[in-house]
Structures are given as C-alpha cells and as structure tokens.
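Notes for the one structure printed next.
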Amino acid sequence: MSGIASRFKQLLIERGLAPDERHRVQHAPAELNSAGIDDWGLDPITLQAALGACRWLYRDYFRVETNGIDRIPEGRVLIIANHGGQIPFDGVLLGMSLLLDAKPARIPRGMVERWFPSLPFISTLFMRCGQMVGDIHNCRDLLEREQAVVVFPEGTRGSGKPFQKRYQLERFGTGFVRLALETRTPIVPVGIIGCEEMYPAFLHLKKLARWMGVPYVPVTPFFPAMGALGALPLPTKVTIRFGQPIRFEGDPDAPDSIIEEMVDEVKTALAAEIREGLRLRSGRVFTGSARDQDSDDAAARLGRSDGR
Amino acid sequence: MAVESLVGDIAPKPGSTILVTGAAGGLASIVSDQLSEEFRLVGVDPRPMPYGRNFPGAFHMVDYAHRKMADVFRRYQFSAVLHLGRVAATSGLSRSARYNVNVLGTRNLLSLSRKYRVRRVVVFSTFHVYGAHQHNHLHLTEDEPLRASQIFPELSDAIELDNFARTFSLQYPEVSTLILRPVNVVGSKIQNEISRLLRGEYVPKLLGYDPMLQFIHEVDVARALRLALDSSRSGVYNVAGEGIVPWSTAIELAGGVALPIPHLLLYPLVGALSPISRIPKHLIDYFRYPVILKDQGFRRDFGFAPSVNTVDALASVRGGRGR
C-alpha cells in the first residue's frame, strides 16, 4: 500500500519538477524529526509530489510571473497579500511561487479556516503540505522557528468580494502587525494580479451558503449555468509582485490607533504594487504581464521559457 | 504553572520508601524495576498481581479509596508517592468503577499523603484530558482548558483526577505535587491500548484523516518519572517524546498495515462493538483531530531529553528492535 503511494509520489516529483526546481524545493529550510516530518505535519515528499502534480497550473495554465521575489528576506517573514477571486487560487499560486521561483525556496505556511480539519482527504493533504489552521498560536510558533507565513488580512471579506470590486482592498485585520511586532518579523507586502478575474462573480447566494455552512456561494456568468465546466477558473495571466520588506518596531500591545497606522502602511505598499501591476498589464487580463520591464529576474524568466 | 517548592530539599533520599500505585500494571513494572535499586518500594493496586510477575517490594491489593489505604500509609513512612494508578476508559471498567478508582481513589491518596507528611507526589495523568477537537491549536500548552470534559463525558473521571491533583497542589504546597500529562506511551512491555493497537497486523485508520500523534518510549517515561521524583517543582507538565508523526506513519513504523475505514461507518461500528471490544466511541476522535502537546516546559525545567527517537520507539512495540 504505502509502497505504491511512495512510488507514485516519486513519479510525480520526477515527472513534474525540473531538476533545478527539485533541488531548490528539497533544500527549503525546515526542521524535520526522525520520521522526516516537521512539528506541524509537513511531509516534504508529499509537498514535492503535490507541487509536481500542480506545476502545470502555475507554469502553463496561469503562466505565473513574479516580480521582486528576491526581496523576501531570510528567516522568519510574514507575507501579506491581497485576496480575491472566490476560490483561493491566489494562495495556492503565491505558495507555489515561494517554492518554484524563490531563491532559496521557502515552504509557504498558509492558514486555513477553522472548520477545514473536519474535511477528509483534503485537510490531510494540506497539512502534509505545511498548511494549518489560522490560529495566532500556530502562527507565532512558526515564526519563532523562522518560517515564511502567508497571511491574507482581508480573509473571506477579500476572497468573497464581487467582480466589480476587484483589486479594491477590503478592511485589513490588525492581528498580523501585532504579531510582527511581537516576534520582530519583517512584512513583505505582495500584490497578486490576475487572480481576481478568475471567477467574475456578480452575485452571492447567501441563503444557500448559510445552509451549506460555507462563507459564500458565488454566481458567475459560467457557474452554475455551465455546471462543472463553469466551475473552472478562467485562464487569466497571473503576476505576483513582491514589495520591499517593511520592518516595524514598537509595542505589540499599543493601542489600535498606532497599530492601524502600521496596517495602513502595509496596505498602502500593497495597493501600490497592485496599482503598478494593473498599469503594466493595461487591461490585457489573459495575456498582459504585470512585471517591471527592467526587473532583475527578467533574464531568469527568459531562460526559463525554453526547455520546460 | 510551575512553582518551585519553598520547603527545601524534598527529593526522596536513597533507601527511603516510595509508594507506587497501579503496581500490577505494565508501566509500574517498567518503572519500579529501575527504582527498586535505590529505594524501598511498596506497591498497591486494586487488581491482583498478574501471574508470574513479582513486584520488587511489598505489594498490597487494596482499593485506593478504601480505608485500608490509611493502614498502608501508617505502616510505612513514605517519602514520595508515585500515582500511576489511573485506569483508562479502555480498561473495561464501568464508569462508576472508574470514578471510584480515579476520583475517589486519587482524593484519598492525596489527603493521606498530606496527613502522613509525604513530601513529594507525582501524578501520572494523560494527554487525553485536552480532548480531540478540530479547533485545537496545533501545539497545546499546559494552560490550555481541558476540553475533553465538554466533548467526551466518558473521560470526566480522568479530567476530574487531573483537576483534583492540580487544585491540591495549589491548596497544600506542603505536599509538593507534580502532575504529568504524557502522550501515548509505547514500547515492548507496556500493555496499553495504543501499543496493543500498533501490535496488530492490520491497524485501523480513518479514511481521509491522518492526524499527527506523539509517542514516548516506556524507557523515557521511566526516566521522566525519575526526574520528576528528584525535582522539587510542582505544577503541571506535558511530557512527550522526540517527534510528531501522522498515524499512518506510526502504523508503518510499527510494522503494521493501515486499514482505512470511513468514519461514517466506524463510529456506529465501534459504538455497537464497545461492550465487547472495550473501545469507547470517543477514542476515534483522537485519530481524527490532532492533540499535540508542547513539552518545552518539562524539557527545560527538568532537563529532560528523550533517549529513544520516535522511529525507534514505534519500531519497538513488537519487541523487535529490542530496547
């Protein structure tokens, strides 16, 4: 049983990942115990296999480009991004960028909703890939162990916003700034361009959502009208723009007014990345790159387009 | 939570007498063999000693809540009490019988310890008191509420034992009382439910769920208890082994084959079988949601470091890779 599973994983890793990607991912910093697993349930082999299986989504379907990914500092870091597009592909793609394009690769530690562990299979898979319940204790522990934690401060307010509100940032929570102050963690604001058009939702079925116990059920021109096919995301072009790290100092228990100023600083930096990205893309949702023309990793990008 | 005792050196002196409860159990046999080299031991248990085994010291078959327990305390001058006698929900005893041993018995042992001026009491609780729940943080500290009381009424006796000992340690600081909450104890000798489960050829797991579990080898439990006896710290401490592994990996490391069962099927199945199988339904949740303990406190304050890593600990359950 387990023999077949591990052979299947090996196959996904070998077929799915290019040799240099594999090498980088294998050297992403993590503290493993004698059984090869970390204290949060991360199993690097499963993570690599999942990455191998989903790489085409990143490289071929959404043709993800990154900008300024070398700005991610070493050690503990909070990665703060905009959230949108109904189904959180932005989280998946941002996480994949940290593994496939960041040098050195970082294991993205994302936070899932509290009800998530009650789902079979998918919750186990997410756990093995280094994700966990969004909980201040988990987050603090991870930062203290020098991990890269991905946070969407808009939460479901962001992912659930309708199409006409795309790229307008919802209210940010303040918890992440307090945590950054407490653990002295640099914050990297990230603007994700292209994810907020994947599901152009114009309506939410609120009653159905309440009945199903999910945050929202979106209606798009294709879903539910075209059934399962309509549930596929549109193949938009995705660019992930990493801003300069922001380092705050101060009292983590400061009054909200002070913390909110810091939150606004992050939000402004994030909004600037989005604005610049949208300008560069200039309306070409399916083809337009939102990368800086003269960015450092442009050469690397060109080199990557052949042979893989 | 830890409080350093103010009453000076309370560690039992070599040659002094220590009371070990649960003396007929596997854990006591592992611990007492080692301790008997240094201390005089007196064992008590409501159960008879299993055939063919000798307790390394005097043994009294007595109910902890019975007034005869006072005779034992009067007869020996205990320098310390090692309370290993908690009975698990899987023991097959009824709820009221478990209440009798775990709650009334513990209360009697603690009040006798106070009356007969025992300086050091170590109570062996369990990680089960935290309860398995989807909202648990991944790493639970000793300050966490004992959620099991809310979700598993079957465990109320174990929680009350823990609570009782905790209150006692604060109320009567003259008895330095330490409560240990260990994770799953595994090894070749121990006869607990988790080891029995792991010794099977086919080991059930929930289809689609694979929570992380912690294990500590029986040898390390003995070491932890030894450190606990020697220290004068009171309070509550989580005790864990080296690593944290998914249940499926644990099964594999123990040399078994995982048998996935849908949880919708397993709950009614175990419920229906529980009169015979002695496995209560609530235990399934411990294989569905994680209950992971933060054990930094015990490592720091007691200088504890597990000597057997998780891989070797699990490999030892069949007595194979002998330790």
Side-chain angles (χ1 to χ4, degrees), chain A residues 1-9 30-47 50 109-145 147 149 175 179 213, chain B residues 132-141 143-144 202-203 205-215 217 240-264 285 287-290 292-296 306 308-315:
Chain A
M1 280 273 291
S2 61
I4 296 171
S6 67
R7 241 174 297 160
F8 181 61
K9 283 177 191 168
E31 288 174 39
L32 305 179
N33 63 32
S34 61
I37 287 172
D38 92 342
D39 280 359
W40 289 269
L42 165 79
D43 168 19
I45 303 296
T46 305
L47 175 65
R109 302 302 196 139
M111 302 279 159
V112 298
E113 295 283 329
R114 283 191 168 274
W115 49 268
F116 199 77
S118 59
L119 296 176
F121 300 105
I122 185 91
S123 66
T124 305
L125 178 67
F126 268 53
M127 263 254 172
R128 294 297 160 272
C129 290
Q131 315 304 300
M132 68 217 51
V133 170
D135 174 313
I136 190 99
H137 298 264
N138 292 341
C139 210
R140 186 184 295 124
D141 284 352
L142 279 162
L143 291 174
E144 277 166 5
R145 302 277 272 273
Q147 293 291 302
V149 176
L179 192 64
Chain B
H133 196 274
Q134 69 198 78
H135 289 179
N136 279 352
H137 320 302
L138 223 39
H139 302 100
L140 302 169
T141 63
D143 303 328
E144 216 63 43
Y202 292 97
V203 186
K205 81 175 275 288
L206 287 172
L207 184 65
Y209 296 95
D210 200 11
M212 308 279 284
L213 274 81
Q214 283 163 301
F215 300 91
H217 192 266
E242 180 249 346
I244 308 174
V245 292
W247 178 232
S248 63
T249 310
I251 296 170
E252 231 172 86
L253 290 170
V257 175
L259 188 68
I261 303 172
H263 67 278
L264 294 175
D285 278 4
F287 297 94
R288 190 169 176 197
Y289 303 121
I292 301 174
L293 308 194
K294 238 185 188 168
D295 65 330
Q296 272 81 353
V308 185
N309 71 25
T310 304
V311 172
D312 292 339
L314 285 162

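Each chain gets a letter, A, B and so on, in the order its sequence line appears, and its residues count up from 1.
If you measure heavy-atom distances from A:Asp141 to chain B, the contacts under 4.5 Å come from the side chain alone. The parts of B:Gln134 that come within reach of chain A are both its backbone and its side chain, each placing non-hydrogen atoms under 4.5 angstrom from that chain. Interface remark: A:Asp43 contributes no atoms to any contact with chain B (heavy atom separation under 4.5 Å). For a residue to count as touching a neighbouring chain, one of its non-hydrogen atoms must lie under 4.5 Å from one of that chain's; by this rule B:Leu207 touches chain A with backbone and side chain alike. Contact of B:Thr249 with chain A is made through the side chain alone, with heavy-atom distances under 4.5 Å. Proximity to chain A (any heavy atom under 4.5 Å) is shown, for B:Tyr209, by both the backbone and the side chain. Residue contact with chain B, scored on non-hydrogen atoms closer than 4.5 Å, is absent for A:Ile136.
Within the model, atoms CE of A:Met111 and CD of A:Gln131 stand 8.5 Å from one another, a figure rounded to the nearest 0.5 Å. A distance of 10.0 Å separates CG of B:Leu206 from CG of B:Leu264, quoted to the nearest 0.5 Å. In this structure, CG in A:Asn138 is found 10.0 Å from CG in B:Asn136, a value given to the nearest 0.5 Å. Residue B:His139 holds its NE2 atom at 11.0 Å from CG of A:Asp135, rounded to the nearest 0.5 Å. Atom CZ of residue A:Arg140 and atom CZ of residue A:Arg145 lie 14.5 Å apart, to the nearest 0.5 angstrom. With rounding to the nearest 0.5 angstrom, the CG atom of A:Asp38 is 8.0 Å from the CG atom of A:Leu142.
Side chain of B:Gln296 to backbone of B:Lys294: no donor-acceptor contact under 3.5 angstrom is found.
Put simply, of B:Ala250, B:Pro246, B:Ser248, B:Gly243, the one with the most heavy-atom pairs under 4.5 Å next to chain A is B:Pro246. The residue among A:Met127, A:His137, A:Met132 with the most heavy atom pairs within less than 4.5 Å of chain B is A:His137.
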